[in-house]
Participant: 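Got a structure here, written out as structure tokens. Questions coming.
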Amino acid sequence: MVVTRFAPSPTGYLHIGGARTALFCLLMARHNGGKFLLRIEDTDQKRNTPTATQQVMDDLRWLGIIWDEGPDCGGPNGPYKQSERLEIYNRYIQQLIDTGKAYYCFDTTEELQEMREEAQAQKRQFLYRRPETLPTAQEAAQARAEGRDVVVRMIMPDSDIVVNDLVRGEVVFPAGTFSDFVIQKSDGFPTYHLACVVDDELMQVTHIVRGQEHLMNTPSHQVLQDALGFRRPTYAHMSVTVSEGGGKLSKRERSKTLAKAIIDNPALDKASLAAAGELTLEQLEDYLSGNSTPDSPQITAMAEHIGLHLPEINVVDFKAAGYLPEALVNFIALLGWSSPTGQEIMTFDELIKNFDSSRFNKTNSLFDRKKLASFNTEHMKMVSKDKLLGYFKEFLALRDSAMAKFDDNMLAEILRVSEGARTLEDVENKCAFLLISADNMAFDPKAVQKVLLKDSADVILEEVKARFIALADWNKTDLHKVIEDMCTERQLGMGKVAQPIRVAITGTTVSPAIDESLVLLGRAESIKRIAKTIEYVRSVR
RNA sequence: GCCCCCUUCGUCUAGCCAGGUCUAGGACACAGGCUUUUCAUGCCUGCGACACGGGUUCGAAUCCCGUAGGGGGUACCA
């Protein structure tokens, strides 16, 4: 049976790179009728954030990435949170010490730093040199009693290590390049390497799909597996997704973009900016000088404050930008992988069916938001009406949109008349005219120039108004007929009549089809806006 | 610095392992056109790539070597 796992460390929101890794792990499992696990790697007490696990799980679920075993639902090989498995790790660490495969050491940070600098100065790779005679347990206890930091290191062999990788084939790491690495930190927690290897064995993981950044760790993991008599899972090290600016698409991207924008614009009022981000002025300066990084929501708030669009990095960013999970999943599946059929637009089920682990490619890929938008357009058309409505409501709630006040029927109508939109945000924008009132209509200056001041827009609107008032019923067909009749009678193109109406009721040149827009707005408000517009045109002319 | 990985249109990629069928295919973007009451959507056309240099071979995008460029790692992070 194929068993895969996604093992995030709970340091914040799920970012798009993590989502991609999780997706491939899931596809690998589902395609083969296997199991997919979620394991939380919280062995770094300093970096964990308390809400991160919940956030990550929410984001995964939203994407449709559902696990069979995990911290919330349990499973036969739990717990699935590493901080709750300390005794297990301690047993294996002790076993490694007892069999002479690992040893204590108590170098200070300063000593290690010195060794590294020395290696650097000699232009050679830093390798930790273990002492001729290894410290005993008594000596370690003694050192600890004296207040020194004690860690445990794994003895690395002096021979070549070959990693057999599904993506890269055989990768040979030459002898003499391995440093004894730490498996237990001075706070008693295992390092990632130890915990990960032990858990993968105990949880019976068969396939490890992860980013290329872990390729260099694999020799260490294999040494650990051999020393402990564990099976060796199959490895697949995927290419990474890079951002337009170059470099790994990382969580730091947003904070970097914002900091740059603030620094590049010295005219900014920093006091109000800091207030928007709920920071003190000192904290803001600290951030700008690169000494600290505010939390994700604070960064978002500050960017909004100065009207800056940050690149979407976290899954929630894409959600808030109006993308569908289906589109996101489909798109990231095609970053570093291709379907054997050549098909690009795929549902989740099709992705599972078409998944083939031999079709990973080795090259890093750039995240192209334009193509994502195109995929989103496709998926907006593909998902069921009910599903789309659900996503739309979720989107409006997340954004605190005034549009959330509409009932399901109205929202479904808004979605229907916006067919062909690229994102849910586009839908919201296109129908934003429904949320303002006739009294505080603002006209787009370009629309005024192009439409209202040209020809005899006021005369046309005057007639439109009269005919609309005379209408027995306010429906799409009748409204359409009024406009059409006027076009024939006056020998005008549709645009000559429809555009002035559009600007009159929306203030802009962009909205859903004019008859649909009128129906959505309602009779009273439509006529009121047309009347106001006539007044306005005559006042400025 | 050292170690590892990678290099096909602007971008994501197919082809490469098993060399000829590749005047290199698709998708997104871009440009132009058609449809159209605006914006989108839809349809059509166009533009556009084997990083470079050597080798092997009758023949190389495909195999080998080198150069350049990009990425990753180099932690008591994961």
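Proteins come first, then strands; the chains are lettered A, B, ... in the order of their sequence lines, and each starts at number 1.
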Participant: Which of these nucleotides, B/rA78, B/rG73, B/rU38, is closest to any side-chain atom of A/M216?
Facilitator: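 The listed nucleotide nearest to A/M216's side chain is B/rG73.
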Participant: Quick check: closest heavy atoms across A/K496 and A/I460, and the distance to 0.1 Å?
Facilitator: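 Closest approach of A/K496 to A/I460: O-CD1, 3.7 Å.
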Participant: It should be established whether A/K381 places a side-chain nitrogen or oxygen under 4.0 Å from OP1 or OP2 of nucleotide B/rG42.
Facilitator: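 Yes.
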Participant: In whole angstrom, give the distance that lies between atom CZ of A/F189 and atom C1' of B/rC76.
Facilitator: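 Atom CZ in A/F189 sits about 13 Å away from atom C1' in B/rC76.
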Participant: Taking the six-membered ring for Trp, is the centroid-to-centroid distance between A/W474 and A/F468 below 6.0 Å?
Facilitator: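 Distance test on ring centres: under 6.0 Å, yes.
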Participant: Is the NZ or CZ atom of A/R153 positioned over A/Y104's six-membered ring, under 6.0 angstrom from the centre and within 45° of the axis?
Facilitator: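 No, a cation-pi geometry is absent between A/R153 and A/Y104.
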Participant: If you compare every side-chain N and O of A/T43 against the phosphate oxygens of B/rA78 (OP1, OP2), does one of them come in below 4.0 Å?
Facilitator: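 Yes.
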Participant: Measure from NZ or CZ of A/R39 to the centre of the six-membered ring of A/Y80 and say whether it is under 6.0 Å with the direction within 45° of the ring axis.
Facilitator: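 A/R39 over A/Y80 ring: no.
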Participant: At less than 4.0 Å, is any side-chain N or O atom of A/R422 found next to OP1 or OP2 of B/rA29? Yes or no.
Facilitator: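 For A/R422, the contact criterion (side-chain N or O under 4.0 Å from OP1 or OP2 of B/rA29) is met.
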Participant: Look at all strands and tell whether A/D444 reaches a base, only sugar-phosphate, or nothing, counting heavy atoms closer than 4.0 Å.
Facilitator: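 Nothing, no nucleic acid heavy atom in range.
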Participant: Are A/H221 and A/H193 close enough that their ring centers fall under 6.0 Å?
Facilitator: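 Between A/H221 and A/H193, the centre distance is under 6.0 Å.
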Participant: Do any side-chain nitrogens or oxygens of A/R369 fall under 4.0 Å of OP1 or OP2 in B/rU11?
Facilitator: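 A/R369 to B/rU11 OP1/OP2: no side-chain N or O under 4.0 Å.
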Participant: Out of B/rC4, B/rA78, B/rC2, which has the shortest distance to the side chain of A/N217?
Facilitator: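 In terms of side-chain proximity for A/N217, the closest of B/rC4, B/rA78, B/rC2 is B/rA78.
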Participant: Between B/rC77 and A/K185, is there an OP1 or OP2 to side-chain N/O distance shorter than 4.0 Å?
Facilitator: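 For A/K185, the contact criterion (side-chain N or O under 4.0 Å from OP1 or OP2 of B/rC77) is met.
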Participant: Does B/rU7 pair with anything, Watson-Crick or G-U wobble, both distances under 3.5 Å, and if so, with which nucleotide?
Facilitator: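 Check on B/rU7: paired to B/rA68, both distances under 3.5 Å.
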Participant: Quick one: is B/rA75 close enough that its OP1 or OP2 comes under 4.0 Å of any side-chain N or O from A/R116?
Facilitator: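 Yes, within the criterion.
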Participant: Closest approach to the side chain of A/S374, judged atom by atom: which nucleotide of B/rC28, B/rC3, B/rU37 is it?
Facilitator: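 From the listed options, B/rC28 comes nearest.
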Participant: With both distances kept under 3.5 Å, what pairs with B/rC34, Watson-Crick or G-U wobble?
Facilitator: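 By the stated definition (distances under 3.5 Å), B/rG42 pairs with B/rC34.
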Participant: I'd like to compare against my own output: the B/S/- annotation of nucleotides 12-19 of chain B with a strict under-4.0 Å heavy-atom distance to protein.
Facilitator: BSSS----
Participant: Does B/rU74 pair with anything, Watson-Crick or G-U wobble, both distances under 3.5 Å, and if so, with which nucleotide?
Facilitator: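 Across all strands, the one nucleotide that pairs with B/rU74 is B/rG1.
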Participant: To the closest 0.5 Å, what do you measure between CH2 (A/W67) and SG (A/C25)?
Facilitator: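 Here the interatomic distance stands at 13.5 Å.
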Participant: Decide salt bridge (charged side-chain N to carboxylate O under 4.0 Å, His left out) for A/E516 and A/K476; before the verdict, give the C-alpha distance in whole Å, the side-chain angles of both, and the deciding distance to 0.1 Å.
Facilitator: CA-CA 6 Å; A/E516 305 276 20; A/K476 190 183 152 184; 3.2 Å; yes
